[in-house]
There are 2 protein chains.
Amino acid sequence: MDAGQFRALIQPGADAESCPARNVLDRIGDKWTVLLLAAMAEGPRRFSELHRMVPDISKRMLTQTLRGLERDGLATRRVYSTKPPSVAYALSPLGETVLGPLGGLLGWAAENFIAIRAAREKFDAEDEWSGYAG
Amino acid sequence: MDAGQFRALIQPGADAESCPARNVLDRIGDKWTVLLLAAMAEGPRRFSELHRMVPDISKRMLTQTLRGLERDGLATRRVYSTKPPSVAYALSPLGETVLGPLGGLLGWAAENFIAIRAAREKFDAEDEWSGYAG
DNA sequence: CGGGATCCAGAACGATACTG
DNA sequence: CAGTATCGTTCTGGATCCCG
């Protein structure tokens with residue numbers, strides 16, 4: 001993709017509500033959404049199963065994040081009236097389609113993480129000298 | 001990409017500091033980083049130029065976000081000792097490489113935004129009925 | 001088991017004023 | 001012009017308790 005196309009995707013001047021880029025970034029930019037998309041990538045999972053796959057999430061955020069995905073049509077929620085009740089979450093067809101683009105970005109992250117870390121450490125080291133006070 | 005590869009990119013159980021996925025998402029998930037990457041996609045820009053391209057950012061956040069990009073090695077900062085001084089920001093070679101994967105995700109957002117909006121409105125409409133109290 | 005309700009700490013962000 | 005410093009707000013997410 002060239003730079004011009006890239007700028008078009010941002011819609012400069014558009015408010016956050018009507019900008020597709022900001023909308024999707026607001027969702028995947030939160031703390032847990034991507035982890036849960038990954039957890040559901042291989043198939044449906046129960047609530048407690050998702051909680052085990054992402055151990056450091058609180059029940060509150062697990063519920064809330066799944067609600068958000070369901071609201072956006074990326075995941076589906078099915079309730080089974082067993083005793084005690086069980087609930088299964090799965091990616092919707094739409095949700096499946098995000099795995100490709102998202103995986104591309106995460107792949108980039110994995111490939112370049114070393115370089116990023118190195119840049120960070122170098123930057124921080126130089127910053128220490130600029131803070132030098134004699 | 002298949003689901004197994006997707007899960008590998010997440011590194012379940014890894015702390016946020018050492019997880020490439022969480023690191024890159026923490027950066028692009030903030031309010032301004034992607035807008036600024038887009039603004040620099042076509043070439044170097046001056047500080048005030050970036051401010052005009054992203055009008056609703058405060059100077060504080062503009063500086064802070066650019067610092068973050070510089071720290072991660074995605075952007076470069078060059079100071080020209082003119083009078084008054086001017087500063088130019090540009091994508092680094094590493095920064096250029098993120099435009100592809102990021103553009104893929106933003107393209108997905110643009111393509112599916114209508115469907116997401118529709119799902120949202122449907123979900124919210126049904127929620128109103130579940131809140132019905134007689 | 002799968003949540004909802006409430007409270008609270010910290011981070012992110014905006015507004016304003018000041019500076020070399 | 002290109003920032004820095006400070007303050008105040010808003011927003012996010014964790015902790016805890018309660019429910020069918």
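Note that these values count all heavy atoms, side chains included, but never hydrogens, waters or copies made by symmetry. Here is how names work: the chains are called A, B, and so on, in the same order as the sequence lines, proteins then strands, and each is numbered from 1. From a predicted model like this one, the values you see are computed outputs, not experimental measurements.
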(message) Looking at B:Tyr89, I'd like to know whether one of its side-chain N or O atoms comes within less than 4.0 Å of OP1 or OP2 on D:dG3.
(response) yes

(request) Identify the heavy atoms of A:Pro20 and B:Phe113 that sit nearest to each other, and give their distance. (result) CG-CD2, 3.6 Å

(request) Kindly point out which of C:dG14, D:dG13, C:dG3 is positioned nearest to the side chain of A:Trp32? (result) D:dG13

(message) Are B:Arg46 and B:His51 packed together at the side-chain level, in the sense that at least one heavy-atom pair is separated by less than 4.5 angstrom?
(response) no

(message) Expressed as a whole number of angstroms, how long is the span from A:Ile57:CD1 to D:dA15:C1'?
(response) 14 Å

(message) Looking at A:Ser48, I'd like to know whether one of its side-chain N or O atoms comes within less than 4.0 Å of OP1 or OP2 on C:dG2.
(response) yes

(message) Assuming nearest nucleotide by heavy-atom distance, tell me which of A:Pro84 and B:Pro84 is located more 5' along DNA chain D.
(response) B:Pro84

(request) Rounded off to whole Å, could you give me the CZ-to-P distance for the B:Arg45 and D:dA2 pair? (result) 14 Å

(message) Counting only side-chain nitrogens and oxygens, does A:Arg77 get under 4.0 Å of the OP1 or OP2 atom of C:dG2?
(response) no

(message) Check whether A:Thr33 reaches the backbone of A:Asp30 with its side chain - one donor and one acceptor, N or O, closer than 3.5 Å.
(response) no

(message) Measure NE2/A:His51 against C1'/C:dG3 and give the value in whole Å, please.
(response) 12 Å

(message) Any heavy-atom pair between the side chains of A:Leu105 and B:Ile28 that's under 4.5 Å?
(response) yes

(request) Considering only NZ, NE, NH1 and NH2 on the basic side and carboxylate oxygens on the acidic side, decide whether B:Asp26 and B:Arg22 come within less than 4.0 Å. (result) yes

(request) Using atom CG of A:Leu50 as one end and atom P of C:dC1 as the other, report the distance to the nearest whole Å. (result) 14 Å

(request) Please state how far atom CD in A:Gln64 lies from atom P in C:dG2, giving the value in whole angstrom units. (result) 18 Å

(message) Of the listed nucleotides (D:dG3, C:dG3, D:dG13), which one gets closest to any side-chain atom of A:Phe47?
(response) C:dG3

(request) Could you tell me whether A:Tyr80 contacts a base, only the sugar-phosphate backbone, or nothing, with contacts defined as non-hydrogen atoms closer than 4.0 Å? (result) nothing

(message) Regarding D:dT16, can its base be found pairing with the side chain of A:Arg60 as donor and acceptor, where the two atoms are less than 3.5 Å apart?
(response) no

(request) Round to a whole Å and report the spacing from CE of B:Met61 to P of D:dA5. (result) 16 Å

(message) What is the separation between atom NZ on B:Lys83 and atom C1' on C:dT19, rounded to the nearest whole Å?
(response) 18 Å

(request) Respond yes when some side-chain nitrogen or oxygen of B:Arg67 is under 4.0 Å from OP1 or OP2 of D:dT4, and no when none is. (result) yes

(message) Taking the side chain as everything from C-beta on, heavy atoms only, tell me whether B:Met40 gets closer than 4.5 Å to B:Leu99.
(response) no

(request) Classify the side chain of A:Lys31 versus the base of D:dG13 as yes if they form a donor-acceptor pair under 3.5 Å and no if they do not. (result) no

(request) Go through D:dA2, D:dG14, C:dG2 for me and flag the one nearest to the A:Val87 side chain. (result) C:dG2

(request) Specify the separation, in whole Å, of atom CD of B:Glu70 and atom C1' of D:dG3. (result) 13 Å

(message) Let me spell it out: for each of A:Ser86 and B:Asp30, pick the nucleotide of DNA chain C with the closest heavy atom. Which residue's pick is nearer the 5' end?
(response) A:Ser86

(message) From the set C:dC1, C:dC18, C:dG2, return the single nucleotide nearest to any side-chain atom of B:Lys59.
(response) C:dC18

